2 protein chains.
Amino acid sequence: MKNNLWLAGLAVATSLSGHAQTDKIDQAAIQKIRDEGLQRSQVMETAFYLTDVNGPRLQGPGFMKAANWTKDKLTGWGLKNARLEPWGDWGKGWGVERCYLAMTAPYYKSIIAVPRAWSGSTAKLQTAEILFISDSDTTALESYRSKLRNKVILIDQSYKVTPSFRPDADRFTDEALAKMAAESSPARQRSGQDSSYRSLIQSMRTRNAFNQKMRKLAKQEGAVGILNTTQTSKDGTLFVSGDYANAALGSTPDDLADLSISVEDYLMLCRLMKANVPVKLELDVKTKFYTDDIKGYNVLAEIPGTDPKLKDEVVMLGAHLDSWHAATGATDNAAGSAVMMEAVRILNTAGLKPRRTIRIALWSGEEQGLHGSKNYVTNKLVSSGTNKLTREGENLVAYYNVDNGTGKIRGIYLQGNDAAGPIFAEWLKPFHDLGATTVAPRSSGGTDHVSFDRAGLNGFGFIQDRIEYDTRTHHTNMDTYDHLQPDDLKQAATVVAAFVYNTAMRDARIPAKAPAMQSAR
Amino acid sequence: MKNNLWLAGLAVATSLSGHAQTDKIDQAAIQKIRDEGLQRSQVMETAFYLTDVNGPRLQGPGFMKAANWTKDKLTGWGLKNARLEPWGDWGKGWGVERCYLAMTAPYYKSIIAVPRAWSGSTAKLQTAEILFISDSDTTALESYRSKLRNKVILIDQSYKVTPSFRPDADRFTDEALAKMAAESSPARQRSGQDSSYRSLIQSMRTRNAFNQKMRKLAKQEGAVGILNTTQTSKDGTLFVSGDYANAALGSTPDDLADLSISVEDYLMLCRLMKANVPVKLELDVKTKFYTDDIKGYNVLAEIPGTDPKLKDEVVMLGAHLDSWHAATGATDNAAGSAVMMEAVRILNTAGLKPRRTIRIALWSGEEQGLHGSKNYVTNKLVSSGTNKLTREGENLVAYYNVDNGTGKIRGIYLQGNDAAGPIFAEWLKPFHDLGATTVAPRSSGGTDHVSFDRAGLNGFGFIQDRIEYDTRTHHTNMDTYDHLQPDDLKQAATVVAAFVYNTAMRDARIPAKAPAMQSAR
């Protein structure tokens, strides 16, 4: 899941548009789905290969290795036409080949460090002193010009480490779910218009401008590296993403080693510098840029529809397969990828024959801006000139996405499409015993269903228990296999399989989101 | 605080022995103590020097650096006769000079690693394959003999990482304190006698025997290193102690690099080995043994008593200054050391003149078995031949210890000395507003007051809020300055200063623990 700061405020004008027909459920099919999904699950084995065996799936070589594996796996399970489909030019690939950082004076302490994505390298294992920058205005930066050579830059931060008096992990309570279900359809404008949002954006811009100027100067003057941390980091859990300006073709890789370190180590270094204690570091950072294939790809595969009248219509399910790189992206989003793969495996293995075609998509470049799904929509579903749906776009009945971590499904967000509410409510009934109960009118954002939603297509995301998503796993070095919850993933795959199957079997299409409800973005 | 597995069960037979006199409190003195301790605290500055500036204070050079600093600091504050006092031979010092570990195949991943104390080194930066040992009986070990050369050993473990649905941090509730206060004085025998304890000890012995045999073999056969983790490790928090057999003089340093790593990395390696995925590591571990001074030392200093009749009597307060080495031992036990130093600074700065002599002790070798305090007691307070108290032992009125982390003081454990209860209850009254309320009859163990208690002397520990002690800081790589809670430490120093002062001023001595209550150990 992408950082959804700017999406958090996404909400759309809406009007209630009456009730759609409710549906009879094919209980026998649902039972087959439950049996396969809950009794003979392969979701953890899939997740193991996507995480432990494959490693990080950062846009580029890490993603491609996993993409090829999933293509073969889907083919092996009997899906048709499994393929890697290019969506356009992305840029350079990147990977870590060595990362070592330690403090060697006033005493030895190894430091938990991960290069930010598309970071440069050091020349070798080398020692360096710290240049401590306490200013935060760009004009003061010039005064550091002559002091940067062979230094590692540390910028004063006033972060605070606080003990967790609230649990790291949680699940939705019945009350929270009931409250979400009772909300009315989103009607607010994007909160981008309100003043707190504007001031947040402004302070981010100021900081970014400072960082960019400082990095440019650091590079010109021969600095060795720069250290970063986040307020959210703690206990050895690091939140790490990256600066993908360096991924652009034609850009010069940043020479600096750009390292995320634990907040505890970061603040210790700040305190020592403030107390004028001489500090030395040693570091050895080697990263590699790849230019052999600059394209971005999605993985796609189908279970062909069997009803001659309906098989051109498509029900899609998807998840982004790419991840950040500090760990193996287990909850973001091997979880969603494994769940979606498992959902089609369940349907195929259970021998269910959908009337409409079912298409699974495993997206790339989501973390850098929903690139895979966005390009899929613009390449295929929308005419570039008129901005209207293509024939293929008109045939897209619905897209379902999973990208909220390892937690089980507690329901579905309507994304402002109230007319789908009664249908989904009916479809959830066979899964109330597994905790999936709630239809929430609100829109969720931050991930690939938004690419469909923005085009006026049905793009849905599920309500999932958060577990440790915000505290420990989302974009962290702890987003590893062991933070996956097997029972939750089995449940999620089973529920998704049923939703996709029901969508593919229904006589009528799921109602389209009324034009008035479509996002302006 | 030492691991207190075997001490957890320590409890002593007792009998209620009537009420001691209650005391008038010198409210003016208490107010001076509160003013100095709460308004002009230096406890965090002291803690900063003990942690960030000094580094780990492992028995040996790390401890000695801090010990010399505290001696000078105590002298600077006006304490008398601040000194390092040898307590006997300890063994080799040890420190880390480099620690780097990464997986390089099937992909690159740096691994959070800390050498266990007194670990050996690798020869250089080198690559190694893993030897995965899934057996756990010593007889099967021989089959690995020929496979050990240049390998890093990984022993199969079935640990499980679970999300924290309960908070990492907590404080005692009023109910929990009331329950503790209402307990009767400990009467149980050591639970060492019960069957679950016996079976735990037995399984530890079996595992230790296996480990020892395996390490011996590994060393003989030229293995490079061995990896360890703990069930308690998670999210980047590592619990690290060490094997101090290598600290003994005459022992040969273990050639193996003995590394604690994160449980997530450990379990990933196990899964990859079980799936027959070829794994390669690279590692560079350099440790150093020191033999220039094999003695152990405590830091001692006094505020001399002013009452000619009482000044030979001594009230002691102390904390162990040594730590494990994975971080800077902030909560274990820079916290206690800084609190005790601050307590004597408060008393001295407030210009209070105690009738009895007050002596602060900062112990060493606590983590390896209470060595500093135990030797202090046997060298000075108990006659070696008769096992009776010496003159100095008879003059010891009470010893107060702080070693339960960063949490504020909620009360005091009576250690089975019920007669002290009403006195302490009275002394806590001026601190009820700061949350220090409770007198608990039970005994606490696992740290240096036990050395006094075992000799039949008054040795007391305080009830402290746990905060993150068991989950995040105790013996971990996250036991750092940022996990200290300033307000808690200020409160603790203030309460301790008052207890020590009251003990030094009281007309009568605090009642001795009745002989029947004295621990058999």
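These values consider heavy atoms only, across backbone and side chains, with no hydrogens, waters or symmetry-generated copies. Here is how names work: the chains are called A, B, and so on, in the same order as the sequence lines, proteins then strands, and each is numbered from 1. Just so it is clear, the structure is predicted and the values come from calculations on it, not from any experiment.
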### Query
So which heavy atom on B/Ser110 is nearest to which on A/Cys99, and how close?
CB-O, 4.0 Å
### Task
Measure distances from B/Ala275 to the heavy atoms of chain A and classify the residue's part below 4.5 Å as side chain, backbone, both or neither.
side chain
### Task
Select one option (side chain, backbone, both, neither) describing which atoms of A/Glu97 are under 4.5 Å from chain B's heavy atoms.
backbone
### Query
Most heavy-atom pairs under 4.5 angstrom with chain B, which of A/Val114, A/Asp170, A/Leu269, A/Val277?
A/Asp170
### Summary
In terms of heavy-atom pairs under 4.5 Å with chain A, the winner among B/Arg166, B/Glu282, B/Arg271, B/Glu264 is B/Arg271
### Task
Just give me the residue among A/Asn54, A/Thr162, A/Leu238, A/Ile467 that pairs up with chain B most often, heavy atom to heavy atom, under 4.5 Å.
A/Asn54
### Query
Checking B/Tyr100 side chain against A/Leu101 main chain: does a donor-acceptor pair fall under 3.5 Å?
no
### Message
Heavy-atom cut-off 4.5 Å, strictly under: side chain, backbone, both or neither for A/Lys160 against chain B?
### Response
neither
### Message
Side chains of A/Pro163 and B/Gln485, heavy atoms from C-beta outward: is any pair under 4.5 Å?
### Response
yes
### Message
I need the residue from B/Val161, B/Thr51, B/Asp235, B/Val279 with the largest number of non-hydrogen atom pairs under 4.5 Å to chain A.
### Response
B/Asp235
### Query
Can you tell if the side chain of A/Val263 reaches within under 4.5 Å of the side chain of B/Asp482, non-hydrogen atoms only?
no
### Query
Under 4.5 Å between any side-chain heavy atoms of B/Arg171 and A/Phe165, yes or no?
yes
#### Entry: side-chain contact (heavy atoms from CB on, under 4.5 Å) between A/Met478 and B/Ile112, intermediate numbers included
CA-CA 11 Å; A/Met478 289 298 135; B/Ile112 302 175; 3.8 Å; yes
### Task
Among the options A/Thr476, A/Leu272, A/Thr480, pick out the one with the most heavy-atom pairs lying under 4.5 Å from chain B.
A/Leu272
### Message
Are A/Pro167 and B/Pro167 packed together at the side-chain level, in the sense that at least one heavy-atom pair is separated by less than 4.5 angstrom?
### Response
yes
### Task
Tell me, for A/Thr328 versus chain B, whether the close heavy atoms (under 4.5 Å) come from the side chain, the backbone, both or neither.
side chain
### Query
Does the salt bridge (Lys or Arg N to Asp or Glu O under 4.0 Å) test come out yes or no for A/Lys274 and B/Asp52, once each step is laid out?
CA-CA 12 Å; A/Lys274 283 179 197 169; B/Asp52 286 344; over 6 Å; no
### Message
Just so I know, are the side chains of A/Lys109 and B/Val96 near enough to count as touching, which here means a heavy-atom distance under 4.5 Å?
### Response
no
### Query
Side chain, backbone, both or neither: which part of A/Thr237 has a non-hydrogen atom closer than 4.5 Å to chain B?
both
### Any A/Val53 side-chain heavy atom under 4.5 Å of B/Met268 side chain
no
#### Entry: Close side-chain approach of A/Tyr108 and B/Pro56, heavy atoms under 4.5 Å
no
### Contact check, side chains of A/Thr104 and B/Arg98, non-hydrogen atoms, under 4.5 Å
no
### Query
Does A/Arg472 come within less than 4.0 Å of B/Asp168, counting only side-chain N to carboxylate O?
yes
